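Read the structure below first, then the notes.
These numbers were taken from a predicted model, which means no experiment stands behind them. Index from 1, following the sequence.
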Amino acid sequence: MLYEDKSKNIYIEANDLYIGENVSFGEDINIKVFGKFHLGDYSYLGNYIRMEGENIVIGKHFYYCPLDNLGLVVGGGGVNSPNSNLTVGDRCVFHNGLINICEPVTVGDDVGL
């Protein structure tokens with residue numbers, strides 16, 4: 001399945017794609033997962049995101065906004081592994097960074113990174 005918005009340079013591809021209600025996007029977003037990509041209701045994905053892996057599941061009220069145009073990268077070594085999974089709970093806030101998911105990574109509810 002594919003979600004694409006060429007005017008904002010957004011490309012999200014997954015075999016099982018779910019984008020919740022009242023979700024909004026910034027620009028320059030490229031997400032490609034082999035299994036499922038789920039983004040919970042009332043979430044915001046800001047600018048400059050690159051995500052790769054097997055499964056990425058993000059809960060409700062997620063908020064990502066870059067600082068200084070640096071961006072967020074999820075992936076790293078081993079993104080083709082069936083273990084490359086990211087699960088993020090509800091009400092989390094992320095800013096710039098790299099999350100290497102060569103093995104499963106779980107972030108609980110109400111976490112800021």
message: If hydrophobic clusters are built from ILVMFWY residues whose side chains come within less than 4.5 Å, do Phe62 and Val23 share one?
response: yes
ILVMFWY cluster, Leu70 and Phe94 together (side-chain gap under 4.5 Å): no
query: To the nearest 0.5 Å, what is the distance between CG (Leu67) and OH (Tyr48)?
result: 12.0 Å
- request: Working to the nearest 0.5 Å, report the span between CZ of Phe37 and CG of Asn15.
  value: 14.0 Å
- request: Could you grab the distance from atom SG of Cys92 to atom OH of Tyr64, nearest 0.5 Å is fine?
  value: 15.0 Å
message: Could you report the tightest heavy-atom contact between Gly71 and Pro66, atom names first, then the distance?
response: N-CB, 4.1 Å
- request: Could you walk me through whether Asp16 and Phe34 pass the side-chain contact (heavy atoms from CB on, under 4.5 Å) test, one step at a time?
  value: CA-CA 8 Å; Asp16 177 2; Phe34 302 105; over 6 Å; no
query: Can you name the nearest heavy-atom pair linking Asp41 to Glu21, along with the distance?
result: OD1-N, 2.8 Å
task: Under 4.5 Å between side-chain heavy atoms, chaining through other members, with only Ile, Leu, Val, Met, Phe, Trp and Tyr counted: pull out the rest of the cluster around Tyr44, sorted by chain and number.
output: Tyr63, Val93
message: Can you tell me how far apart CD1 (Ile10) and CD1 (Ile29) are? Round to the nearest 0.5 Å.
response: 4.5 Å
Contact check, side chains of Ile99 and Val73, non-hydrogen atoms, under 4.5 Å: no
Please set out all donor-acceptor pairs under 3.5 angstrom arising from side-chain atoms of residues 49-58, sequence neighbours excluded.
unit_1, atom_1, unit_2, atom_2, d
Arg50, NH1, Asp28, O, 3.1
Arg50, NH2, Asp28, OD1, 2.8
Arg50, NH2, Asp28, OD2, 3.4
Asn55, OD1, Lys36, N, 2.7
Asn55, ND2, Asn85, OD1, 2.9

query: Charged N to carboxylate O below 4.0 Å: is that the case for Asp90 and Lys60?
result: no
query: Between Ser84 and Gly78, which heavy-atom pair has the shortest distance, and what is it?
result: CB-O, 3.5 Å
field: Same cluster (ILVMFWY, side-chain, under 4.5 Å), Val107 and Val33
entry: yes
query: Can you tell me how far the OG atom of Ser81 sits from the CD atom of Glu103, to the nearest 0.5 Å?
result: 6.0 Å
- prompt: Hey, does Val111 have a side-chain heavy atom less than 4.5 Å from the side chain of Asp109?
  reply: no
- request: Using atom types as modelled and distance alone, determine if a side-chain donor or acceptor of Asp5 lies under 3.5 Å from a backbone N or O of Ser7.
  value: yes
task: Grab the two heavy atoms, one from Ser43 and one from His61, that are nearest each other, plus how far apart they are.
output: OG-N, 3.6 Å
- prompt: Roughly how far apart are Leu45 CG and Asn47 CG, rounded to 0.5 Å?
  reply: 10.5 Å
- prompt: Does the ring centre of Tyr3 sit less than 6.0 Å away from the ring centre of Tyr11?
  reply: no
query: Would you call Ile12 and Leu17 a side-chain contact if the rule is heavy atoms closer than 4.5 Å?
result: yes
